[in-house]
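Any value given below was found using the heavy atoms of this structure, including those in side chains, with hydrogens, waters and symmetry copies removed. Residue numbers start from 1 in every chain, and the chains themselves are labelled A, B, ... in the order their sequence lines are given, proteins ahead of strands.
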Number of protein chains: 4
Amino acid sequence: MTTFGESHGPAIGCVVDGCPAGLPLAAEEIQTWLDKRRPGQSRFTTQRREPDAVRIISGVFENENGQQVTTGTPICLFIENVDQRSKDYSDIKDKYRPGHADFTYLEKYGVRDYRGGGRSSARETASRVAAGAVARKVMPGVTIRGALVQMGPHKVDRTNWDWEEVGNNPFFCPDAAAASAWEGYLDGVRKAGSSCGAVIEVVASGVPAGLGAPVYGKLDQDIASALMSINAVKGVEIGAGFDAAAWSGEENADEMRMEDGRPVFTSNHAGGVLGGISSGQDVVARFAVKPTSSILAPRKTVDRDGGETEISTKGRHDPCVGIRAVPVGEAMMALVLADHTLRHRGQNG
Amino acid sequence: MTTFGESHGPAIGCVVDGCPAGLPLAAEEIQTWLDKRRPGQSRFTTQRREPDAVRIISGVFENENGQQVTTGTPICLFIENVDQRSKDYSDIKDKYRPGHADFTYLEKYGVRDYRGGGRSSARETASRVAAGAVARKVMPGVTIRGALVQMGPHKVDRTNWDWEEVGNNPFFCPDAAAASAWEGYLDGVRKAGSSCGAVIEVVASGVPAGLGAPVYGKLDQDIASALMSINAVKGVEIGAGFDAAAWSGEENADEMRMEDGRPVFTSNHAGGVLGGISSGQDVVARFAVKPTSSILAPRKTVDRDGGETEISTKGRHDPCVGIRAVPVGEAMMALVLADHTLRHRGQNG
Amino acid sequence: MTTFGESHGPAIGCVVDGCPAGLPLAAEEIQTWLDKRRPGQSRFTTQRREPDAVRIISGVFENENGQQVTTGTPICLFIENVDQRSKDYSDIKDKYRPGHADFTYLEKYGVRDYRGGGRSSARETASRVAAGAVARKVMPGVTIRGALVQMGPHKVDRTNWDWEEVGNNPFFCPDAAAASAWEGYLDGVRKAGSSCGAVIEVVASGVPAGLGAPVYGKLDQDIASALMSINAVKGVEIGAGFDAAAWSGEENADEMRMEDGRPVFTSNHAGGVLGGISSGQDVVARFAVKPTSSILAPRKTVDRDGGETEISTKGRHDPCVGIRAVPVGEAMMALVLADHTLRHRGQNG
Amino acid sequence: MTTFGESHGPAIGCVVDGCPAGLPLAAEEIQTWLDKRRPGQSRFTTQRREPDAVRIISGVFENENGQQVTTGTPICLFIENVDQRSKDYSDIKDKYRPGHADFTYLEKYGVRDYRGGGRSSARETASRVAAGAVARKVMPGVTIRGALVQMGPHKVDRTNWDWEEVGNNPFFCPDAAAASAWEGYLDGVRKAGSSCGAVIEVVASGVPAGLGAPVYGKLDQDIASALMSINAVKGVEIGAGFDAAAWSGEENADEMRMEDGRPVFTSNHAGGVLGGISSGQDVVARFAVKPTSSILAPRKTVDRDGGETEISTKGRHDPCVGIRAVPVGEAMMALVLADHTLRHRGQNG
């Protein structure tokens with residue numbers, strides 16, 4: 001997958017190459033996933049109005065039955081930027097916003113598209129969600145679901161976990177009680193012009209044993225890479241993750257028994273990956289999203305001319321950008337698993 | 001970098017391609033780093049006796065001054081396996097050891113080298129340390145240091161942090177008081193035939209601003225991938241990492257001031273990476289290592305024939321494999337930074 | 001570079017990643033090169049009417065002086081397909097056209113976009129020309145020129161070679177006398193509904209010594225790969241090429257002398273590449289294009305149902321598709337050299 | 001595949017990654033192919049005495065039946081250099097040998113291993129032959145054979161073609177009459193201290209339809225890349241190759257008929273590749289090898305200090321290095337086809 005596009009350029013999009021032929025694919029299906037990520041759906045996400053309507057430019061054609069299917073050639077997905085609201089960028093044009101990539105882009109390239117964050121805008125993640133929709137098609141037996149498990153300092157109660165609840169609140173929260181409490185919390189954050197971080201958990205069920213590789217191309221390595229590549233992500237863990245560091249070998253071991261003639265594990269601290277290869281259990285990953293850097297409170301910074309100054313961000317921003325990261329995390333998991341599904345089939349038939 | 005070799009095969013090693021020419025490189029220098037990782041140096045690591053003597057097979061030749069330097073061609077580093085102790089493998093040959101890759105390798109490949117873990121043995125990481133020694137040469141101005149910051153449930157006290165202490169104890173611990181306490185703790189773990197996990201922090205100083213890329217090939221993404229690819233690693237974080245999820249935008253923001261005519265940051269929650277590109281601050285990463293899976297206490301498992309059974313591991317194992325992961329983490333950081341140094345120079349001159 | 005798009009889909013295009021920042025780039029400049037390849041410019045090329053108007057979707061922004069420059073992020077170039085003439089495809093939908101990829105696409109993918117050749121249409125090469133225009137920007141000191149040196153069985157007389165002539169005839173022919181003769185020849189071919197092959201030579205001047213690599217990533221290897229990837233190309237040679245097979249070592253040796261204090265070669269049988277690395281001489285490559293497969297004369301073939309039949313192609317086709325391959329060959333040479341320029345700078349500073 | 005090693009270093013070798021597991025592989029089988037390429041087998045090849053004995057360092061282990069099979073992990077093949085004859089290199093140390101990579105390596109890297117050509121020595125091709133032996137295992141139904149079809153200006157008579165003859169003469173010549181004539185010709189070349197070029201044809205039979213890809217990753221593109229990467233190769237063609245440029249569309253078309261219920265082609269000008277994808281016909285490629293650059297006749301050159309001088313090469317050199325390129329060409333074809341076999345299986349199952 002290759003993506004392109006800036007927040008306020010004419011369009012963003014991606015090219016997915018190497019996709020198997022013959023998979024039914026319609027723009028409407030991709031749109032379903034994009035709509036989950038789309039801004040402006042509740043008061044808790046940015047009020048930028050982007051329809052995020054996706055067009056399939058290539059790689060899909062009708063088969064003998066008149067159904068639109070992938071042809072095996074590169075699939076280009078194209079999303080036009082509509083709400084490029086004309087505004088005054090003089091402030092962010094010259095000042096480095098703390099937590100943003102303004103300073104590092106300029107240091108690296110000497111020039112940057114400062115409008116709405118340009119290439120570093122979270123808007124780029126729409127391309128990932130679109131590509132993820134294609135990736136899901138590659139693995140019809142795999143279900144990938146994501147949930148917000150921590151908002152700011154508030155974690156869900158895992159004993160309340162109910163995947164059905166995820167669609168019932170604006171936070172992708174699997175715990176109805178937590179969702180209810182978060183509403184008040186996030187309203188406070190939002191009204192204060194502040195922001196908070198989040199932790200997202202992504203679970204892939206139905207992944208067959210055998211995906212991955214012993215050393216380079218480990219499945220967990222590629223998941224870590226994919227999730228860490230999402231904007232604002234600062235940490236990734238698989239299975240028990242950092243908790244495992246505090247455990248003993250006895251506690252951490254996932255023991256095995258036979259069930260219906262098949263070996264099964266009696267726990268899943270490994271998160272479905274052993275030695276870089278999937279074990280057939282659920283693949284479980286979590287990632288931490290830092291608080292949105294664009295906040296109302298003025299922060300000290302410097303400008304391009306070396307002057308010390310302050311900056312404060314007004315406007316349409318997510319108080320908790322981690323919410324919309326849920327479908328993005330799902331998409332990245334889907335892309336990694338689809339890639340490894342094809343690579344495994346290549347090597348091992 | 002490509003590595004090869006199994007724990008009990010004739011040798012392990014790696015090929016480093018794309019290295020700049022003209023860098024002085026002697027086997028002795030590489031050996032210095034390998035010796036840090038070498039087993040059998042204290043009672044807290046496996047008693048396997050491997051000299052880990054490295055040979056440079058290619059890619060180095062004398063320059064006009066008679067000094068051994070890299071020639072720009074592939075560098076093959078070769079480490080013979082000496083202590084392939086003949087033993088009875090009948091137990092692990094047919095039983096799946098919990099926490100090990102036995103089951104997943106067989107599911108994927110249908111065959112595996114079961115001797116000492118084969119390809120999934122931590123022994124493979126010696127190749128990484130050797131390659132890392134070459135990578136350090138590429139960036140003479142960068143210093144990469146690692147430290148154990150948590151052993152089992154016991155964390156260091158960061159106010160005691162002293163890099164000098166890292167070399168004064170068998171744990172690479174930067175806190176003398178913690179090191180002292182860990183000694184008794186780990187003796188207990190070892191005598192009980194148990195094991196514990198660990199967290200390692202790696203810090204790269206002197207990294208110039210500008211390494212990395214906006215979307216694919218982000219610096220933090222590649223660090224996450226590299227660290228997660230180390231055996232037994234279950235989590236990776238950059239800068240404030242998972243802690244940032246609980247913070248507000250105000251707390252998380254790294255503000256900027258001018259100092260000696262250069263923009264500087266007044267904190268480093270970002271861990272030296274903004275938008276996937278280095279900011280010139282220290283690059284800070286941490287990774288969690290699970291407890292060694294080979295323990296004395298019998299664990300429930302199954303065998304290849306589908307029989308339910310138990311397994312208990314006797315023999316030469318690290319009670320805390322995270323200790324020897326410190327030089328490995330440093331090496332992986334070095335490899336990622338060297339790679340990005342060359343890529344940045346390629347793109348931006 | 002990644003390209004996408006089918007002949008009769010909504011658009012074709014490409015994404016160029018890794019381009020240095022700060023290079024002035026305007027759509028008009030890219031258009032200049034596209035116009036050289038554009039169909040319908042003489043009676044000797046297909047009468048399909050495509051404006052081939054390119055849009056820059058991303059990766060370019062104004063710098064401090066208000067000039068449009070590359071930003072270092074992925075550059076997406078987008079060319080809409082305008083002349084998707086509605087026609088009856090029932091004939092080529094089910095019959096395999098000899099010399100075309102109809103049969104192999106179906107064998108591989110089980111489905112194909114049969115309209116105008118779909119992905120295998122020469123139309124895809126417009127994306128390459130657009131990307132090549134970006135590549136040229138990376139190497140301001142390098143001049144890349146192509147010429148048709150053989151049309152059907154008729155070769156140019158090299159003693160007449162004049163680069164200025166290339167722009168004076170519809171064949172990119174450097175020999176005015178040959179161009180004149182070819183006109184009558186190709187009219188005959190065209191009127192007979194037949195076609196002919198061609199040989200194109202591409203010469204890059206100003207290439208510094210040192211581009212390439214000793215074994216994998218040889219400069220000549222990558223040129224061969226790039227040129228062979230152009231539609232209808234069946235052979236590639238560097239320097240003396242196949243002729244060198246018939247020579248003695250004495251004849252083939254490019255001897256060296258000093259000139260203005262610099263080593264120079266007194267001949268260039270090597271075509272500017274020695275041991276996979278550029279020597280500072282002109283890089284010279286040639287490639288053979290087979291005759292256009294779409295011809296009026298009926299050819300024996302079979303259909304998807306296994307019936308033996310015939311096919312004859314009417315319509316808008318190039319009698320000598322090699323003519324329009326000239327700018328495509330230039331673009332591919334530019335892409336390879338730009339890539340190696342950046343890689344060389346990465347490895348060797 | 002990654003190779004490493006210099007002509008006069010301690011060893012050369014390669015690492016083959018991504019090989020399917022469970023393929024029987026013994027060093028003896030690899031040795032069989034290496035022996036075909038081994039020097040010193042007739043008076044027509046260099047008299048350097050290298051046993052070229054290959055060791056399998058990793059990636060192979062016994063399966064349940066006690067048979068040595070691939071395990072799916074990286075296979076390292078290691079060939080020690082034995083005949084590193086001590087000699088006086090003062091001549092080639094400072095002078096640039098025409099046709100060799102001496103000048104370009106120094107321009108690129110500033111340092112080189114000048115002993116026996118170092119990395120640019122044809123000795124590196126032994127690694128390729130070893131890797132090719134592994135690649136053949138991946139495609140048990142495919143037969144890959146190579147033959148010398150032109151030595152200096154003398155071509156074989158294709159009506160005499162007999163694959164059985166290839167093993168009956170020291171030239172891999174399929175035409176007994178030509179082989180007999182070449183003997184006298186090459187004796188003359190050899191005694192004169194001169195050299196000649198050659199053309200090699202490689203034919204792969206049993207390749208299923210469907211290998212390759214429409215645009216990047218075309219099968220013929222990768223074959224061209226692989227063959228051009230062999231030392232001294234200056235041209236590559238597929239099927240009719242350069243001859244096709246002189247033909248009409250009618251002559252070039254490979255017509256189709258039904259045979260035993262399967263579509264078949266009545267000719268193979270395409271060389272088994274259409275639109276970058278294999279057609280099920282024999283894949284046919286040819287490559288031109290320039291005359292050995294090391295010759296007795298003095299050639300004009302310059303030295304590192306900028307002095308004009310001459311160089312003449314005495315010693316153990318192949319008068320026609322193209323002969324030993326035959327097994328190398330076979331190996332490269334095997335590697336490309338094996339790679340595409342796995343990639344095709346990955347994408348299309």
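C:K108 contributes no side-chain N or O that, together with a main-chain N or O of D:A209, makes up a donor-acceptor pair within less than 3.5 Å. Checked by atom type and distance alone, the side chain of D:E255 never pairs as donor or acceptor with a backbone atom of C:P98 at under 3.5 Å. Using a distance-only test at 3.5 Å, with no hydrogens or angles considered, no donor-acceptor pair links the side chain of C:R257 to the main chain of D:V302. No side-chain donor-acceptor contact under 3.5 Å links D:S229 to the backbone of C:Q221.
C:F287 touches chain D through its backbone: at least one of N, CA, C or O sits under 4.5 Å from a heavy atom, while the side chain does not. With a 4.5 Å cut-off on non-hydrogen atoms, C:E124 touches chain D through its side chain but not through its backbone. Neither the backbone nor the side chain of C:T266 comes within contact range of chain D; no heavy atoms are under 4.5 Å apart. Residue contact with chain D, scored on non-hydrogen atoms closer than 4.5 Å, is absent for C:S294. Heavy atoms of C:R262 lying under 4.5 Å from chain D belong exclusively to its side chain. Within the 4.5 angstrom heavy-atom criterion, atoms from both the backbone and the side chain of C:D220 approach chain D. Contact of C:A198 with chain D is made through the backbone alone, with heavy-atom distances under 4.5 Å. Contacts of C:S279 with chain D are made by both backbone and side-chain atoms, with heavy-atom separations under 4.5 Å. Contacts between C:L106 and chain D at a heavy-atom distance below 4.5 Å are absent for every atom of the residue. For C:E250, the parts lying under 4.5 angstrom from a heavy atom of chain D are both the backbone and the side chain. If you measure heavy-atom distances from D:R112 to chain C, you find no contacts under 4.5 Å at all. For a residue to count as touching a neighbouring chain, one of its non-hydrogen atoms must lie under 4.5 Å from one of that chain's; by this rule C:R304 does not touch chain D. Of the atoms belonging to D:I230, it is backbone heavy atoms, and not side-chain ones, that fall under 4.5 Å from chain C.
A 4.5 Å side-chain heavy-atom check between D:E237 and C:F242 finds at least one atom pair inside the cut-off. The closest side-chain heavy-atom distance from D:N231 to C:K218 is below 4.5 Å. A heavy-atom distance below 4.5 Å is not found between the side chains of D:L274 and C:R97.
Contact count versus chain C (heavy atoms, under 4.5 Å) is highest, among D:G110, D:G152, D:G241, for D:G152. Among the candidates D:S194, D:S278, D:A232, the residue making the largest number of heavy-atom pairs closer than 4.5 Å to chain C is D:S194. Between chain D and the options C:A226, C:A213, C:G212, the largest number of non-hydrogen pairs under 4.5 Å is found for C:G212. Between chain D and the residues C:S248, C:G99, C:G275, C:A253, the largest count of heavy-atom pairs under 4.5 Å involves C:S248. When each of D:C320, D:A192, D:S195 is checked for heavy-atom pairs under 4.5 Å with chain C, D:S195 comes out on top. The residue among D:G276, D:P319, D:S120, D:P263 with the most heavy atom pairs within less than 4.5 Å of chain C is D:P263. Per-residue counts of heavy-atom pairs under 4.5 Å with chain D were compared for C:A240, C:P214, C:G118; the largest is that of C:P214. The choice from C:S293, C:G210, C:P291 that makes the most heavy-atom pairs within less than 4.5 Å of chain D is C:P291. In terms of non-hydrogen atom pairs under 4.5 Å with chain D, the most contact-rich of C:I295, C:L296, C:T292 is C:I295. Of the residues considered (D:G307, D:A288, D:A101), D:A288 shows the highest number of contacts with chain C, using heavy-atom pairs under 4.5 Å. Contact count against chain D (heavy-atom pairs under 4.5 Å) is highest for C:A270 among C:G322, C:P208, C:G280, C:A270.
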Can you check side-chain contact (heavy atoms from CB on, under 4.5 Å) on D:I277 and C:Y109, steps first, answer last? CA-CA 11 Å; D:I277 298 173; C:Y109 298 120; 4.3 Å; yes

Would D:I238 and C:K290 count as a side-chain contact (heavy atoms from CB on, under 4.5 Å) if you check the C-alpha gap in whole Å, the side-chain angles of each, and the deciding distance to 0.1 Å? CA-CA 11 Å; D:I238 307 288; C:K290 69 178 182 182; over 6 Å; no

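Between D:G306 and C:M258 the shortest heavy-atom distance is O-CG, 3.1 Å. C:V215 approaches D:R128 most closely through the heavy-atom pair CG1-NH2, 3.4 Å.
Annotation: the span from C:M256 atom CE to D:R299 atom CZ amounts to 14.5 Å, rounded to 0.5 Å. Taken from NE2 in C:H344 to CD in D:E107, the straight-line distance is 9.0 Å, to the nearest 0.5 Å.
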